[in-house]
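Notes follow the structure.
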Amino acid sequence: MTDDADARAPYVAGNWKMHKLRGEATAFALALAARLDELDEVDLAIAPPLTCLAEVADVLAPLGVGVLGQNAHAAAGGAFTGEVTMAMLVDAGATGVLLGHSERRQLHGETDGALAEKLPAALAAGLEPILCIGETEAERDHGATEARLAAQLEAGLANVAAAQAATIVVAYEPVWAIGTGKTATPEQAQAAHAHIRAVLAALVGDEVAALIRVLYGGSVKPSNAAELFAQPDIDGGLIGGAALAVEDFVAIAAAAAPR
Ligand code: 13P
């Protein structure tokens with residue numbers, strides 16, 4: 001679907017996971033704010049820990065940089081110790097939310113069923129959901145990658161109307177490439193992204209699928225970002241470790257600018 005790539009603005013998001021105290025987060029946000037004029041052709045977002053989300057949003061959201069929760073509950077409120085609602089994220093200044101990150105799926109019991117509730121809840125709150133999907137190493141070794149990605153997309157989008165789906169972002173993050181230094185080759189990543197777009201087309205139609213941005217995540221670094229982002233179905237990246245340093249994040253974002 002090379003012809004449609006122009007319709008999708010490049011997008012680079014940093015997932016800080018469980019890193020940075022408030023002072024460090026504010027220092028990063030101010031330093032990134034000072035570099036935004038270099039990056040005006042790329043949509044940017046940062047997903048800070050909850051404790052510093054409001055500080056980051058205060059600096060970056062007025063400048064047009066997205067600020068993302070790393071997770072949220074689908075319910076509008078209730079006795080769910082340790083959780084937050086979509087509305088609470090909005091209240092803290094978030095513009096979007098990561099949903100279904102593999103660390104939440106693998107380490108914190110996040111299920112496809114829960115995600116089917118979370119996507120519509122995020123959209124109803126006015127948040128841009130980034131649905132994270134990806135196969136494990138064992139699934140890839142057994143030839144189950146395509147089936148796993150299709151199942152995760154079908155479950156995640158189960159309760160989303162096709163007309164709303166264009167505002168969703170998908171992040172393809174092969175579990176074996178996250179934090180391991182093992183990056184998918186550009187060819188492996190492109191093949192997975194093309195499959196994802198074909199599954200999206202079956203779920204929400206060709207036109208909407210052509211508008212949905214699909215980001216690659218998994219050991220993206222300044223040194224490998226350009227060759228990944230050059231692939232026709234890779235619309236940017238979801239960056240973990242390399243998004244903790246402003247210099248690396250800016251270099252990766254610059255690699256996503258249209259050439
Ligand atoms: P790394 O870039 O550290 O591999 O993490 C990727 C990721 O999980 C982003 O959500």
Side-chain angles (χ1 to χ4, degrees), residues 10-20 24-25 28 32 42-50 52-53 56 65-72 89 94-108 110 115 118-119 122 127-137 139-140 145 148-149 152-153 156 168-186 188-189 192-193 196 213-229 231 234-256:
Y11 187 4
V12 173
N15 174 10
W16 285 354
K17 307 189 180 184
M18 199 168 71
H19 296 286
K20 291 196 190 291
E24 297 165 325
F28 181 110
L32 179 60
V42 182
D43 288 348
L44 301 173
I46 297 290
L50 274 180
C52 56
L53 188 144
V56 173
V65 177
V67 180
L68 315 173
Q70 297 179 9
N71 174 47
L89 287 183
T95 58
V97 59
L98 302 179
L99 293 175
H101 192 280
S102 69
E103 287 150 16
R104 296 218 55 86
R105 293 178 189 262
Q106 296 210 305
L107 307 174
H108 301 284
E110 179 100 285
L115 289 162
K118 289 187 179 194
L119 267 92
L127 291 170
E128 171 195 79
I130 300 188
L131 173 63
C132 304
I133 61 174
E135 81 285 1
T136 62
E137 188 151 40
E139 286 164 343
R140 177 163 282 266
T145 297
R148 184 71 190 119
L149 298 178
Q152 289 175 323
L153 287 169
I168 288 172
V169 175
V170 174
Y172 168 60
E173 300 203 301
V175 176
W176 48 271
I178 295 178
T180 58
K182 272 200 251 175
T183 317
T185 65
Q188 283 174 320
H193 281 233
I196 288 166
R213 292 183 288 186
V214 185
L215 313 182
Y216 170 79
S219 299
V220 179
K221 304 180 276 281
S223 58
N224 61 20
E227 58 178 4
L228 287 160
F229 299 161
Q231 301 300 314
I234 300 183
D235 303 312
L238 181 56
I239 319 303
L244 294 172
V246 176
E247 212 49 57
D248 286 349
F249 184 69
V250 167
I252 291 169

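From a predicted model like this one, the values you see are computed outputs, not experimental measurements. Note that ligands are numbered from 1 as they come in the structure, with each ligand's atoms numbered from 1 the same way. FYI, side chains are in, hydrogens and waters are out, and symmetry mates aren't considered; it's all heavy atoms of this structure.
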L127 and G96 have their tightest heavy-atom pair at CD2-N, 3.4 Å

Looking only at protein heavy atoms, what sits closest to atom 3 (O) of ligand 1 is G241 N, 2.8 Å

Counting heavy atoms under 4.0 Å, the part of I178 that contacts ligand 1 is both

Purely on distance, is any nitrogen or oxygen of G179 under 3.5 Å from one on ligand 1? yes

### Query
Can you tell me if H101 and Q70 form a side-chain donor-acceptor pair at under 3.5 Å?
no

Nearest non-hydrogen contact to atom 1 (P) of ligand 1 from the set G181, S219, S102 belongs to S219

Looking only at heavy atoms, the pair that brings L228 and P186 closest together is CD2-CA, 4.0 Å

- prompt: Any chance CD of E24 has more than 12 other-residue heavy atoms, nucleotides or ligands included, within less than 6.0 Å?
  reply: yes

To the nearest 0.5 Å, atom CD1 of I46 lies from atom CG of L68 at 8.5 Å

Among non-hydrogen protein atoms, atom 2 (O) of ligand 1 lies closest to G240 N, 2.9 Å

Please check this pair: side chain of R105 against backbone of G100, looking for a donor-acceptor N/O pair closer than 3.5 Å. yes

Quick note on ligand 1: atoms under 4.0 Å from a heavy atom of A177 include exactly 4 (O)

Taking a cutoff of less than 4.0 Å between a non-hydrogen atom of the residue and any ligand atom, is K17 in contact with ligand 1? yes

Atoms of ligand 1 under 4.0 Å from any heavy atom of L238, numbered from 1 in the order shown, are 9 (C), 10 (O)

Yes or no: does G218 have any heavy atom under 4.0 Å from an atom of ligand 1? yes

Result for side-chain contact (heavy atoms from CB on, under 4.5 Å) between K118 and one of L131, L99, V97 points to L99

Of all protein heavy atoms, the one nearest atom 9 (C) of ligand 1 is E173 OE2, 2.8 Å

| query | When the ring planes of W16 and F28 are compared, do they come out parallel, tilted or perpendicular, using 30° and 60° as the limits? | reply | perpendicular

| said: Below 3.5 Å, N or O to N or O, backbone or side chain included: is there any such pair between H101 and ligand 1? | reply: yes

Item to complete: May I ask you to check if ligand 1 and T180 share an N or O to N or O distance below 3.5 Å?
Response: no

Within-cut-off N or O pair, A242 and ligand 1, under 3.5 Å:
no

Looking only at heavy atoms, the pair that brings A256 and V12 closest together is CB-CG2, 3.6 Å

